[in-house]
K.L.:
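Dumping the structure here so I can ask a few things about it.
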Amino acid sequence: MIIDAESLHFSALNEAVRACGEKHISIKNCVGQRYIAAGLTGREIEISGTPGNALGAYLNGGAIRVLGNVQEATGDTMNGGEIDVFGSAGDASGYAMRGGKIFIRGDAGYRCGIHMKAYKENKPALVIGGRAGSFLGEYQAGGIIVVLGNHKDGKPIIGNFCGTGMHGGEIYLRCEKVPAKLPAQVRAERLEKIPQGTVRALVSRWCSLFGEQESAFTEAVYYRLTPDSENPYRQMYAFH
Amino acid sequence: MLYEGQFRNPSGCAVAGVIDRSGRPMSGEGMIEAISVMHDRSNGLGGGFAGYGIYPHYKDFYAFHLFYSKKEAQEETEAFLGRHFEIVYSSEMQTRKIPSVRDEPIIYRYFFAPLPQKLARSHLDEREYVARCVNRVNAQISGAYVFSCGKNMGIFKGVGYPEDIGRFYRLEEYEGYAWTCHGRYPTNTPGWWGGAHPFGLLDLSVVHNGEISSYDANRRYIEMFGYKCTLQTDTEVITYIIDYLMRKQGLTLEETAHVIAASFWSTIAEKEAGAREQETLLRRMFPSLLVTGPFSVILGYTGGLMALNDRLKLRSMICAEKGDKAYISSEESAIRRIEPSLDKIWAPAGGEPVVFELYDKKGEREQ
């Protein structure tokens, strides 16, 4: 089914998506409609244009593919499924994810993957192709964040205050030198290439989705950030 | 009747701006269309626009836009302004009746030149003279409010959704090289015509999405310099801070940005020597003008626009370019509605000012 979103209010668009009995839905001319596919499961939705904030919030399963950029809070508190973004993403992408995967081809904004958490089989993953803004993985409690640094504007791969308040999960950064100014409670471990297992599968998936050569991303130096249990938070979290 | 929990207003204010850097004029229609995409960010309690270059035939005169809640206020105000200015032109502003725009005040427009003798006797420069007269009207005459007072620019605002306010003021009939606009979701104030954005003083205009937590600290400091914060809203104080820093202290746009959205001390410590010293100096000189809390602001002035986010970037903001045109918006979708194919689009970092100016600003900027 094809839905032309050109002149639809977000509530009408989302009602049309929910009411549609078909598995495949193509949304054309999207222009800022919020909450698309919120809480849905088992659908495959392709979007052209620019979807609005909170795309795929509380997503339970299925797949969303965006042939352009996304705005703020993509995959907010999502539980499962996959969101593939062929452009860049705004602030707070993957905010409080509890499961599922987000793949972003380009850059991402501030506060991506903050409050991400994992529980048993629910292990969220956020893969950012370019660079990420400040507060990446702030208060992260579980799951995996990967930043591939495939950007060409010369800016650092991450902004300030990465992993502040982090107490679980992992962040992988593809860069030759350890980023300056990581919080004292975060440990950075140099890896000469991406390790086998979940993270390698994520990087391979990103490469095949966006047509990038896999060896350039798997045979590269990464820094793996994890909470430093030797240096726990001794007082209430307060940074400045 | 709806109760709490039965209704959710997914709001948060919206800002947008456009400038054609070659100076080519465009009507207000584009901004109306762009801001309408972000309809749900505001709640119908305020909308407004600022246009630059819209009064070419009166460009040497101060264009005053006034709200009057009663005729007596108009008489008192016109008597006061008549003692300080030569009135070149005055008329009620032409508006269009829109069902959703109600309870509008009396709206008048004047073009003024300061009375030369009066100005000379005041020992003030012309812009300060005008600013003080505006402050007098807004603080002392009940029922009168000057909401625009720059040269060759104008602010149009009111209570309603921004696209309705744009049509109410017939902005398709105006042409300017730059426009900003705002959809409002008031958080602390009831939402009155004067409280809508943009806020302006002389040719400065400010639209703002956010809620600054330093309002009272900023207000107390800025009122020491003769400003009167009459509306208890944070955007008004931001406007006065920028006017004070740029017009009275002579700071550049970038320096002003480093005062109001100063980097953390830890971030400043890591900068190169020159930048570190300059930012340290600015933070030490104007600590009371640091604006904290979430904000995304578009500043309009003669010849340009500046976009600025708070240092933590707690509000969204996107910049884009297409040929001579540059765009700023809370959401990318609003820009895409009026320009689907862009040369460049990016999100500036928190505290990082982005300035778009006319290629040829010579003689344009009021001194």
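Here is how names work: the chains are called A, B, and so on, in the same order as the sequence lines, proteins then strands, and each is numbered from 1. Since this is a predicted model, take the numbers as computed values, not measurements.
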K.L.:
What's the verdict on side-chain contact (heavy atoms from CB on, under 4.5 Å) for A/V31 and B/E332, showing C-alpha distance, side-chain angles and the deciding distance?
P.N.:
CA-CA 9 Å; A/V31 59; B/E332 177 177 337; over 6 Å; no
K.L.:
In chain order, what residues pass the salt bridge (Lys or Arg N to Asp or Glu O under 4.0 Å) check against A/E82, with sequence neighbours excluded?
P.N.:
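Result, salt bridge (Lys or Arg N to Asp or Glu O under 4.0 Å) vs A/E82: A/R205.
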K.L.:
If you count the non-hydrogen atoms of other residues, nucleotides and ligands that lie under 6.0 Å from CZ in A/F210, is the total more than 12?
P.N.:
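More than 12 within 6.0 Å, yes.
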K.L.:
Check this for me: B/F286, atom CZ, are more than 12 non-hydrogen atoms of other residues, nucleotides or ligands nearer than 6.0 Å?
P.N.:
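Enclosed.
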K.L.:
If you check every heavy atom in residues 289-298 of chain B against those of chain A, which residues fall under 4.5 Å?
P.N.:
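Result: none.
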K.L.:
Do any of residues 336-354 of chain B come closer than 4.5 Å to chain A, heavy atom to heavy atom, and if so which ones, in number order?
P.N.:
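Hits under 4.5 Å: B/R336, B/R337, B/I345, B/A349, B/G350.
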K.L.:
For chain B, which residues from residues 70-78 of chain A have at least one heavy atom closer than 4.5 Å to it?
P.N.:
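Counting heavy atoms that sit under 4.5 Å from chain B, the residues of residues 70-78 of chain A involved are A/Q71, A/E72.
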K.L.:
Out of A/N69, A/N160, A/N29, return the one with the most heavy atom pairs under 4.5 angstrom to chain B.
P.N.:
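Counting heavy-atom pairs under 4.5 Å, the top option is A/N69.
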K.L.:
Between A/R34 and B/D40, does the salt bridge (Lys or Arg N to Asp or Glu O under 4.0 Å) criterion hold? Intermediate values first, please.
P.N.:
CA-CA 9 Å; A/R34 310 162 161 217; B/D40 293 304; 5.4 Å; no
K.L.:
In Å and rounded to the nearest 0.5 Å, what is the CG to OH distance from B/N309 to A/Y110?
P.N.:
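If we round to the nearest 0.5 Å, B/N309:CG and A/Y110:OH are 8.0 Å apart.
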K.L.:
Roughly how far, to the nearest 0.5 Å, is the OG atom of B/S266 from the NZ atom of A/K181?
P.N.:
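Here the interatomic distance stands at 4.5 Å.
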K.L.:
Is the shortest heavy-atom distance from the side chain of B/E331 to the side chain of A/T50 under 4.5 Å?
P.N.:
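A side-chain contact under 4.5 Å is absent here.
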